[in-house]
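Chain identifiers are assigned alphabetically (A, B, ...) following the order of the sequence lines, protein sequences preceding nucleic acid strands; residue numbering begins at 1 within each chain. Bear in mind the structure is a predicted one, so any value in this text is a computation, not a measurement.
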Amino acid sequence: MSILDEPSVEGRFGEFGGRFVPETLVPACQELEAAFRDAWTDPTFRAELNQLLSEYAGRPSMLTECHNLGRSLGIRLILKREDLNHTGSHKINNVLGQAMLAKRMGKTRLVAETGAGQHGVASATAAALLGMSCKVYMGAVDVERQSLNVFRMKLLGAEVEAVHSGSRTLKDAVNEAMRDWVATVSETHYCLGSVMGPHPYPWMVREFQRIIGEEAHAQCRELLHGEDPDFVVACVGGGSNAMGIFSGFIDTSTARLIGVEPAGGAAVGRGVPGVVHGMRSYLMQDEYGQVQEAHSISAGLDYPGVGPEHSYLASIGRAEYPTVTDAEVISAFQLMARSEGIIPALECAHAMAWIVREAPKMQGKVVLMNLSGRGDKDVGQMMEILG
Amino acid sequence: METEFRAKREQGRKLLVPYVTGGLTGWQQAIRAAADAGADAIEIGIPFSDPVMDGPIIQEASQRALDAGVTPVSIFEEARELEVGIPLAVMCYYNTIHHAGHERFAYQLVSAGISAAIVPDLPLEESGLWCAAADAAGIETVMLAAPTAPDERLPRIAARSRGFLYSVGLLGVTGERNSLAASATALAKRLKAVTDVPVLVGVGVSNAAQAREACLVADGVIQGASVVRRLMDGGPEAVGEYVAEVRAAITF
Ligand SMILES: Cc1ncc(COP(=O)(O)O)c(C=O)c1O
């Protein structure tokens with residue numbers, strides 16, 4: 001039986017997902033779903049996207065085995081190098097797909113939310129490449145801590161608006177992007193950055209990110225002489241890089257799938273089902289259903305919800321969602337830099353932090369980690385933290 | 001609420017529904033003032049952390065109320081004391097209902113003396129569970145129709161709407177605009193052609209003149225940001241004066 005399926009016609013993965021949007025956006029979501037279905041089964045669209053992914057984004061991304069860290073931790077540690085993609089993270093896979101689709105639908109403008117700025121940079125990049133205009137909403141707190149990416153987006157011709165409402169982080173940037181979309185829906189495509197939001201986004205973004213897992217599965221089989229890894233580990237904000245890499249292993253292996261959340265933004269770990277941003281999923285909320293603010297060192301994971309398919313995978317036990325603390329992340333970030341010469345994004349340093357902590361229980365095992373992005377954007381923030 | 005609205009419409013009266021953010025300083029007095037000044041029902045906003053259909057004014061009002069510790073339950077307790085003689089509706093985001101539980105929330109509304117609910121992020125396709133609980137408890141669920149809807153969708157929305165039908169005035173969130181969008185009257189016209197449920201225009205109806213313009217086609221208007229701004233800037237009396245001004249403008 002396959003677990004990695006299309007959602008139901010209502011956009012549900014089990015009891016999670018759906019389309020809880022203002023009525024104004026219902027027709028837009030329906031059109032997007034129809035357009036995506038059409039494009040995804042069109043060989044010409046697929047060929048054009050694949051060409052962009054290889055000639056522009058630099059796919060396939062390679063695997064790197066971390067011999068130094070592997071030796072000291074007593075495991076075989078393999079990285080999937082999404083950090084080497086153009087613009088520095090996995091976000092480009094999804095954005096190129098959505099931007100091409102938006103263009104095919106006759107849209108001229110992209111709006112996007114961003115936390116760490118990686119999705120914003122990728123959206124600005126795709127807009128520049130495809131001749132579209134682009135506006136990115138970013139929480140005021142994140143504008144502050146990811147200033148390098150703010151400037152990159154501006155260099156790429158995008159307009160960046162700091163969002164001052166609510167917790168002034170990713171959740172509020174999503175609200176503001178949705179408000180923009182409600183007002184501009186005829187010419188604008190909302191380029192959502194993760195496997196979240198109303199149907200068809202969680203499914204569509206997974207399909208665009210699934211290339212990570214498909215490549216990794218084939219690459220692992222080759223590297224491991226036909227074997228699969230024992231663990232597949234990724235960080236989870238909205239959950240797109242994790243869904244991308246899990247997709248290659250959910251049905252085709254018995255690997256344990258680990259989605260690592262920040263302790264201050266543990267939607268699966270500390271949440272109960274709720275509805276925000278168009279979806280029903282695990283959500284951190286108070287006793288009256290007010291959405292709680294997440295707190296994480298990493299702007300990209302500072303989100304109180306999670307994509308609905310992760311809630312589903314958690315509910316059926318196919319994937320696990322442990323948490324790590326900011327302190328564990330800071331030391332994993334440094335450990336990776338010093339032992340392997342790789343500066344990870346703070347987001348995927350969460351995955352590394354879990355591996356370091358759990359290594360004693362995984363002796364001799366093969367661990368595949370999705371290195372979802374590079375850490376250049378985080379160097380300023382780390383300079384302040386480490387003095 | 002629907003029976004009352006239909007009867008008033010029969011008599012040639014246009015329907016006026018001011019929106020007041022629950023728990024905002026002076027909100028109960030504002031509701032009383034609005035009722036005295038000629039409102040036909042009141043929409044009480046339940047503050048939510050993530051109000052995606054609201055612009056800056058109502059966002060600020062919600063945030064102020066949340067910062068002051070207001071909860072749905074505290075609003076219900078205070079609503080019970082209102083006794084203004086016109087129907088009360090709540091406007092709340094779906095998570096507030098989902099978190100409380102559908103049946104429990106419907107029961108809370110009934111015991112607070114509230115007759116109807118408007119849930120702006122609960123479109124037709126997702127409304128089944130809530131509507132079943134609301135219907136069973138006798139709570140009228142007002143559906144929203146938007147300018148983006150294709151023709152075939154409108155009768156289905158109208159058929160599921162109770163109380164009245166909320167005709168969204170423009171593409172966008174709540175807030176004051178300089179003029180009434182052309183889409184406001186256009187959609188109201190399309191809706192009037194497919195339903196006899198009272199059609200009220202809301203979102204972007206920002207002053208008395210715009211209310212009058214909308215009422216040339218629609219059965220009435222909902223006034224949100226323009227009321228809430230007056231409550232925040234001028235207090236309950238300012239709300240009363242404004243509602244009286246709108247009432248006069250829509251008395252043909
Ligand atoms: C490098 C990197 N990894 C992960 C994430 C989190 O997003 P997701 O959980 O959708 O992969 C971000 C988001 O900004 C990111 O920049």
Inset, instruction - Count the heavy atoms belonging to other residues, nucleotides or ligands that lie under 6.0 Å from CG of Asp233(B), then report whether that count exceeds 12. - result: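 Yes, because the 6.0 Å sphere around CG of Asp233(B) holds more than 12 heavy atoms from other groups.
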Legend entry - CD/Glu6(A): more than 12 non-hydrogen atoms of other groups inside 6.0 Å: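 Counting other residues, nucleotides and ligands, CD of Glu6(A) exceeds 12 neighbours.
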Inset, instruction - Could you tell me which residues in residues 16-27 of chain A have at least one non-hydrogen atom under 4.5 Å from a non-hydrogen atom of chain B, sorted by residue number? - result: Gly18(A), Arg19(A), Phe20(A), Val21(A), Pro22(A), Glu23(A), Thr24(A), Val26(A), Pro27(A)
Inset, instruction - List in chain and number order the residues that pass side-chain contact (heavy atoms from CB on, under 4.5 Å) with Thr71(B), two or more places apart in sequence or in another chain; answer none if no residue qualifies. - result: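 Here the qualifying residues are Tyr288(A), Val73(B), Ser74(B).
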Between [X] and chain B, with a heavy-atom cut-off of 4.5 Å, which part of the residue counts as in contact: side chain, backbone, both or neither?
X	value
Asp180(A)	neither
Gln290(A)	both
Val174(A)	neither
Gln30(A)	side chain

Inset, instruction - Mind ranking Glu176(A), His277(A), Gln292(A), Glu287(A) by heavy-atom pairs under 4.5 Å with chain B and telling me who comes out on top? - result: Glu287(A)
Inset, instruction - Tell me, out of Val272(A), Asn175(A), Leu283(A), who's got the most heavy-atom pairs with chain B below 4.5 Å. - result: Asn175(A)
When rounded to the nearest 0.5 angstrom, what is the spacing between [atom1] in [X] and [atom2] in [Y]?
X	Y	atom1	atom2	answer
Ser49(B)	Glu293(A)	OG	CD	9.0 Å
Glu125(B)	His199(A)	CD	NE2	11.0 Å
Ser165(A)	Asp54(B)	OG	CG	11.5 Å

Legend entry - Atom group of Pro51(B) that falls short of 4.5 Å from chain A, counting heavy atoms: both
Legend entry - Proximity breakdown for Phe48(B) and chain A, heavy-atom pairs closer than 4.5 Å: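 The answer is both parts of Phe48(B).
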Legend entry - Side-chain touch Thr148(B)/Val185(A), heavy atoms, less than 4.5 angstrom: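 The answer is yes; the side chains approach within 4.5 Å.
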Legend entry - Sorted by number, residues from residues 96-112 of chain B in contact with chain A (heavy atoms, under 4.5 Å): Thr96(B), His98(B), His99(B)
Legend entry - Neighbourhood of chain A inside residues 157-165 of chain B, taking heavy atoms under 4.5 Å as contact: Ile157(B)
Legend entry - Shortest non-hydrogen contact from Asn95(B) toward Gln285(A): ND2-OE1, 2.8 Å
